[in-house]
Novice: 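Attaching a single structure in structure tokens format; questions to follow.
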Amino acid sequence: MQTKVKLLGHPVHQMLIVFPLGLLATAVLFDLVHIASGRPMMAAVAYWMMVAGIIGGLLAAPFGWLDWMQIPRGTRAKRVGLVHGLGNVGVVLLFIGSWWLRRETPEAPAALAHALSFIGAGIAMVTAWLGGELVDRLGVGVYDDANLDAPTSLREPKLRERPITR
């Protein structure tokens, strides 16, 4: 099933998610640099990366929801999409919490602010994999003849070596 929401022939949700995923991951990297170096500027950069990532996540979410609404009920794709979407709502909420705790002194975040962003990043790795499963394995949003009940890529049998034929 192809997505109904496209821009110049490409799914809008898939185009938009790269921004929040990259920005929030970069915020965590700047947090780690801040922790390692003690440089306040690194925490301030993480703060602004979070602001942009949260906004990007909020912009991408409605397009993902519209795509999910098109998936037929009772399919594996519908279940994976639900976990993907709810997980990403959790990720954005964790980063909002981290941002909220930092807003008065972005250059000196509390340990809880760091913890929320690190937990959010960990969950984002799982939800990003689920998004890849939806697109790459199940073909959601890409193919009219998508296999919406394909088995998980984690259970795929190992490929045997094939001899090179000339």
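Residue indices begin at 1 and follow the sequence shown.
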Novice: Of all residues at least two apart in sequence or in a different chain, which pass the side chain to side chain donor-acceptor pair (under 3.5 Å) check with T75?
Specialist: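 Counting only residues at least two positions away or on another chain, T75 forms no side chain to side chain donor-acceptor pair (under 3.5 Å).
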Novice: Please determine whether side chain to side chain contact (heavy atoms under 4.5 Å, CB included) holds for the pair F95 and V92, giving the CA-CA distance in whole Å, both sets of side-chain angles, and the decisive distance to 0.1 Å.
Specialist: CA-CA 5 Å; F95 276 97; V92 170; 5.9 Å; no
Novice: Determine, stepwise, if the pair H114 / H34 fulfils side chain to side chain contact (heavy atoms under 4.5 Å, CB included).
Specialist: CA-CA 10 Å; H114 281 138; H34 170 252; 3.8 Å; yes
Novice: Can you tell me if H13 uses its side chain to pair, donor with acceptor, with the backbone of A60 under 3.5 Å?
Specialist: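 Answer holds: yes.
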Novice: I119, W129: one ILVMFWY side-chain cluster at the under-4.5 Å cut-off?
Specialist: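 No: no chain of side-chain contacts under 4.5 Å links I119 to W129.
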Novice: Could you work out, with side chain to side chain donor-acceptor pair (under 3.5 Å) as the rule, every residue matching H84, not counting sequence neighbours?
Specialist: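 Counting only residues at least two positions away or on another chain, H84 forms a side chain to side chain donor-acceptor pair (under 3.5 Å) with N88.
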Novice: Is there a side-chain contact between M49 and L24, using heavy atoms and a 4.5 Å cut-off?
Specialist: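 M49 vs L24: side chains apart.
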Novice: Could you grab the distance from atom OG of S37 to atom CZ of F30, nearest 0.5 Å is fine?
Specialist: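 It is 10.5 Å, given to the nearest 0.5 Å.
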Novice: If you look at every heavy atom in S117 and S98, which pair is closest and at what distance?
Specialist: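 Here S117 and S98 meet closest at CB-OG, 3.8 Å.
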Novice: K78 and Q70: side chain to side chain contact (heavy atoms under 4.5 Å, CB included), yes or no, with the steps?
Specialist: CA-CA 9 Å; K78 190 76 164 186; Q70 299 298 314; over 6 Å; no
Novice: Indicate if V126 and L82 have the same hydrophobic cluster label, given that clusters are the connected sets of ILVMFWY residues with side-chain heavy-atom separations under 4.5 angstrom.
Specialist: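 Yes, V126 connects to L82 through the hydrophobic network.
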Novice: Grouping I, L, V, M, F, W and Y whenever their side-chain heavy atoms are under 4.5 Å apart, do L23 and I123 come out in a common cluster?
Specialist: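 No; tracing contacts between hydrophobic side chains, which count when under 4.5 Å, never links both residues.
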Novice: First locate atom CH2 of W99, then atom CG of L94, and finally report the distance between them rounded to the nearest 0.5 Å.
Specialist: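 Rounded to the nearest 0.5 Å, the CH2-CG separation comes out at 15.0 Å.
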Novice: Between atom CG of L16 and atom CG of L21, what is the distance when rounded to the nearest 0.5 Å?
Specialist: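 Reported to 0.5 Å precision, the distance equals 12.5 Å.
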Novice: Run the side chain to side chain donor-acceptor pair (under 3.5 Å) test against W68 and tell me which residues pass, sequence neighbours left out.
Specialist: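 With sequence neighbours excluded, W68 shows a side chain to side chain donor-acceptor pair (under 3.5 Å) to no residue whatsoever.
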Novice: Going through the checks in order, is the side chain to side chain contact (heavy atoms under 4.5 Å, CB included) test met by R73 and R79?
Specialist: CA-CA 9 Å; R73 292 176 190 247; R79 292 185 302 275; over 6 Å; no
Novice: Using the rule that two of Ile, Leu, Val, Met, Phe, Trp, Tyr join whenever any of their side-chain heavy atoms come within less than 4.5 Å, decide whether V91 and I55 are in one cluster.
Specialist: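 Same cluster.
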Novice: Would you check if M41 and V33 make a side-chain contact, meaning some heavy-atom pair closer than 4.5 Å?
Specialist: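 No, side chains not in contact.
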Novice: Within the 4.5 Å heavy-atom criterion, are L134 and L130 side-chain neighbours or not?
Specialist: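 L134 does not reach L130 side chain to side chain.
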Novice: Which atoms form the tightest heavy-atom contact between P20 and G53, and what is the distance?
Specialist: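 Minimum heavy-atom contact is CB-O, 3.3 Å.
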Novice: Mark yes or no for whether T127, through its side chain, and A124, through its backbone, hold a donor-acceptor pair below 3.5 Å.
Specialist: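 Yes; at least one donor-acceptor contact below 3.5 Å.
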Novice: For the atom pair CG (L112) and CG (L116), what is the distance rounded to the nearest 0.5 Å?
Specialist: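 Nearest 0.5 Å value for the CG-CG distance: 4.5 Å.
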Novice: Transitively linked via ILVMFWY side-chain contacts under 4.5 Å: M50 with L101?
Specialist: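 Yes, M50 connects to L101 through the hydrophobic network.
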Novice: Could you pull out the closest heavy-atom pair between A46 and A27, with the gap in Å?
Specialist: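 Scanning both residues completely, I find the closest heavy atoms to be CB-O, 3.3 Å.
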Novice: Once rounded to the nearest 0.5 Å, what's the spacing between atom CG of L59 and atom CZ of F19?
Specialist: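 Result: 10.5 Å between the selected atoms.
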Novice: Is the shortest side-chain heavy-atom distance between M69 and I71 below 4.5 Å?
Specialist: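 A side-chain contact under 4.5 Å is absent here.
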Novice: Report yes or no: is the cationic atom of R103 (NZ for Lys, CZ for Arg) under 6.0 Å from the centre of the six-membered ring of W100, at an angle within 45° of the ring normal?
Specialist: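 Yes, a cation-pi geometry holds between R103 and W100.
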Novice: For the OH atom of Y47 and the CZ atom of R102, what is their distance to the nearest 0.5 Å?
Specialist: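 Atom-to-atom, Y47:OH and R102:CZ are 9.5 Å apart.
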